[in-house]
Amino acid sequence: MNQIRGDLQTDQQPPMAIPLGHFVVGLAFLVVGVVGGTVMAVTTVPGLSNAAHIHLLLIGWIAITIMGAMTQFVPVWSGVAIHSRRLAVAQLVLVTVGVVGFAAALLATALSWLPIAAALLLLGLWIFVYNVGRTLVRARPFDLTERHFAFALGCFALAAPLGFLLAVDFTVGVFDSTLVDRGDVLLVHATLALFGAILATIVGALAQLATMFTQTDRTPFDDRLLGLEQLLFPAGLLVFAAGRGLAAESLARIGALAVLLGLAAFTVVIARQLARSTVGRSPMTARYWVVVASLWAWIALTVSAWWLEPASYATLFGHPDATTLLVFGVFGFVIVGSLYHIVPFIIWLERYSDQLGFERVPMVDDLYDARLERADFWLTLVGLLGMTAGPLFALPTAMTVSSAVLATLGFCLFVLNMLLTLHRHAPDGISGVLAGSLRIDPTVGDTGDRETREDVGGVGPRP
């Protein structure tokens with residue numbers, strides 16, 4: 001049984017402005033992504049709008065948020081200092097500029113600029129992998145969370161150069177004289193990025209965050225299920241990606257079924273912890289229930305799709321009509337739910353922790369607007385249900401578009417809530433966070449230094 005330990009290594013993480021800067025930039029991409037998606041649902045957008053949209057969401061919002069979270073989470077959880085603060089700043093700048101340039105080139109059909117933007121993305125992502133990897137490698141032995149993070153970093157490292165080659169292929173024809181074609185490489189790239197880099201990070205983090213936010217311990221049965229997940233999911237994903245890249249359907253089918261079975265076992269564990277929760281409703285647990293339901297539904301729909309066409313572009317995200325469940329129901333609700341604690345907690349530590357015991361200070365949950373939180377939860381939930389049901393049951397287009405508008409409004413309310421929290425409570429407001437995330441104190445060393453303040457960043461302890 002996993003016990004919660006109280007001896008967090010809270011003196012190892014980077015300055016709080018660095019992860020907060022990642023989160024703020026991610027929120028900006030979220031707004032652009034959801035508003036852009038709604039516009040695309042009602043009118044035609046020029047250029048390669050679908051590719052631009054998915055990269056704005058998956059790299060601009062989700063990957064940059066993951067980069068900030070790992071930069072904060074790994075030092076605290078593993079008890080080792082971040083390898084380099086300067087590299088943590090560099091990764092944010094490079095990936096942000098790369099995503100903007102990449103999306104702009106796709107929308108303007110200026111394909112000759114794609115390799116430049118893709119090179120910035122590649123460099124930024126590899127810096128992130130190196131910096132967090134050098135930090136993580138000093139933690140021994142790896143626990144479940146660290147193993148998933150290490151696997152996710154490996155997938156980031158592999159997916160990034162494949163994406164660069166795909167971008168160059170738009171103008172140069174990289175794969176013309178090779179044994180593989182563009183479609184095979186695209187399948188491998190997307191498989192490693194979606195299910196390795198992103199989903200493996202979510203599984204590793206959620207295994208810890210669910211325990212923290214429900215205040216429950218895992219049972220021996222839960223540990224056996226997690227052992228099954230750790231056996232099937234990483235190995236299955238590598239087999240799945242190899243099968244897709246080689247156009248070997250039998251191999252891809254075996255890998256796909258292993259991935260789904262591993263994820264199903266993991267989902268049962270999270271659902272059992274949520275059901276046994278010893279605390280009341282919170283923004284985190286409410287959204288994690290949506291994640292569990294979405295992941296179960298996505299698995300149920302995807303089993304048949306990956307059994308019949310495991311190496312097809314049509315089933316890239318799983319069932320063709322379940323993309324919304326994966327991107328928003330799983331990825332989106334995990335990130336939104338987690339940030340509802342992490343962002344206010346970081347700010348509370350920066351602004352109010354030193355005042356505790358000397359004057360009245362607000363609670364962490366007092367920093368965000370509870371009414372906005374409930375409003376954005378129900379808007380995004382209803383919107384998610386409508387966008388999912390639309391293609392599955394051939395509902396009128398107007399209903400799907402209306403659902404997309406509701407979800408967009410909900411996500412924008414979440415962003416507004418986070419920005420208001422920063423504006424009202426961060427020591428120097430939003431501008432201070434952004435400026436601080438790009439500034440390194442010259443009086444502080446780059447590696448191995450220790451902060452004197454207990455900036456935990458809202459993560460739980462390593463068992």
Side-chain angles (χ1 to χ4, degrees), residues 8 10 13-31 33-34 60-77 88 92 96 201-202 205-206 208-210 212-213 282-288 291 331-353 361-377 380 410-438 451 453-460:
L8 275 175
T10 59
Q13 57 286 321
M16 290 300 96
I18 293 179
L20 281 178
H22 284 73
F23 299 154
V24 171
V25 172
L27 292 177
F29 280 116
L30 169 59
V31 173
V34 295
W61 172 34
I62 294 173
I64 286 180
T65 302
I66 285 175
M67 289 163 57
M70 271 208 197
T71 300
Q72 173 63 20
F73 194 110
V74 169
V76 173
W77 179 246
L92 175 60
T96 300
T201 301
I202 287 174
L206 197 55
Q208 163 61 19
L209 294 175
M212 172 183 170
F213 294 134
S282 71
M284 293 70 71
T285 56
R287 285 163 179 80
Y288 291 171
V291 172
F331 298 170
F333 271 77
V334 163
I335 289 177
V336 171
S338 301
L339 289 185
Y340 256 118
H341 179 81
I342 295 173
V343 171
F345 192 75
I346 290 176
I347 296 170
W348 187 90
L349 286 169
E350 283 285 293
R351 177 73 180 275
Y352 299 110
S353 61
V361 298
M363 302 289 290
V364 172
D365 290 338
D366 295 331
L367 301 191
Y368 60 81
D369 190 306
R371 291 171 299 180
L372 285 179
E373 181 273 315
R374 289 182 180 271
D376 88 56
F377 173 75
T380 49
F411 282 116
C412 288
L413 284 181
F414 158 68
V415 173
L416 175 63
N417 211 354
M418 292 295 97
L419 294 182
L420 286 174
T421 301
L422 289 166
H423 174 70
R424 292 168 177 168
H425 300 283
D428 297 310
I430 299 170
S431 60
V433 168
L434 290 174
S437 67
L438 302 177
E451 297 293 305
R453 302 182 62 172
E454 294 191 347
D455 294 327
V456 182
V459 300

*Please assess Asp369 against Leu420 for the test side chain to side chain contact (heavy atoms under 4.5 Å, CB included), listing each intermediate value before the final yes or no.*
CA-CA 8 Å; Asp369 190 306; Leu420 286 174; 5.8 Å; no

*Under the side chain to side chain contact (heavy atoms under 4.5 Å, CB included) rule, what do Met284 and Met212 come out as? Steps first, then yes or no, please.*
CA-CA 10 Å; Met284 293 70 71; Met212 172 183 170; over 6 Å; no

*Before giving the answer on side chain to side chain contact (heavy atoms under 4.5 Å, CB included), spell out for Phe73 and Ile342 the whole-Å C-alpha distance, their side-chain angles and the decisive distance to 0.1 Å.*
CA-CA 10 Å; Phe73 194 110; Ile342 295 173; 6.0 Å; no

*Could you walk me through whether Tyr340 and Phe377 pass the side chain to side chain contact (heavy atoms under 4.5 Å, CB included) test, one step at a time?*
CA-CA 11 Å; Tyr340 256 118; Phe377 173 75; over 6 Å; no

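Side-chain contact between Leu27 and Val31 is absent, with no heavy atoms from C-beta onward closer than 4.5 Å. When side chains are defined from C-beta on, Thr201 counts as touching Met70, because their heavy atoms get closer than 4.5 Å. In this structure, the side chains of Pro344 and Asp365 stay at 4.5 Å or more apart for every pair of heavy atoms. Between Met16 and Gln72, some side-chain heavy-atom pair lies under the 4.5 Å cut-off. Phe333 is listed as a side-chain neighbour of Thr380, based on a closest heavy-atom distance under 4.5 Å. Between Thr421 and Ile347 the shortest side-chain heavy-atom distance falls below 4.5 Å. Residues Phe23 and Met418 have side chains not in contact (no heavy-atom distance under 4.5 Å, counting atoms from C-beta outward). A heavy-atom distance below 4.5 Å is found between the side chains of Glu373 and Asn417.
Taking every heavy atom of both residues into account, Arg351 and Ala426 meet most closely at NH1-O, 4.0 Å. In terms of heavy-atom proximity, Ile335 sits nearest to Thr65 at CG2-CG2, 3.8 Å. Summarising the geometry of Gly26 relative to Ile64, their closest heavy-atom pair is N-CG2, 4.2 Å, with the distance given to 0.1 Å. In this structure, Tyr368 and Pro283 approach most closely via the heavy-atom pair OH-CG, 3.2 Å. Summarising the geometry of Ile18 relative to Ala88, their closest heavy-atom pair is CG2-CB, 3.9 Å, with the distance given to 0.1 Å. Smallest separation of non-hydrogen atoms from Arg287 and Val336: NE-CG1, 3.4 Å.
A tilted orientation is assigned to the rings of Phe213 and Tyr288, their planes being inclined by 30° to 60°.
A distance of 13.0 Å separates CD1 of Ile62 from CZ of Phe29, quoted to the nearest 0.5 Å. The NE2 atom of His22 sits 7.5 Å away from the OG1 atom of Thr96 when rounded to the nearest 0.5 Å. One finds the CZ atom of Arg371 at 13.5 Å from the CG atom of Asp376 (value rounded to the nearest 0.5 Å). Expressed to the nearest 0.5 Å, how far CG of Leu416 lies from CZ of Phe411 amounts to 15.0 Å. Atom CE of residue Met363 and atom CH2 of residue Trp348 lie 8.0 Å apart, to the nearest 0.5 angstrom. To the nearest 0.5 Å, atom CG of residue Leu20 and atom CG of residue Leu339 are 9.5 Å apart.
Under the 3.5 Å distance criterion, with hydrogens and angles disregarded, no donor-acceptor pair is assigned to the side chains of Tyr352 and Asp366.
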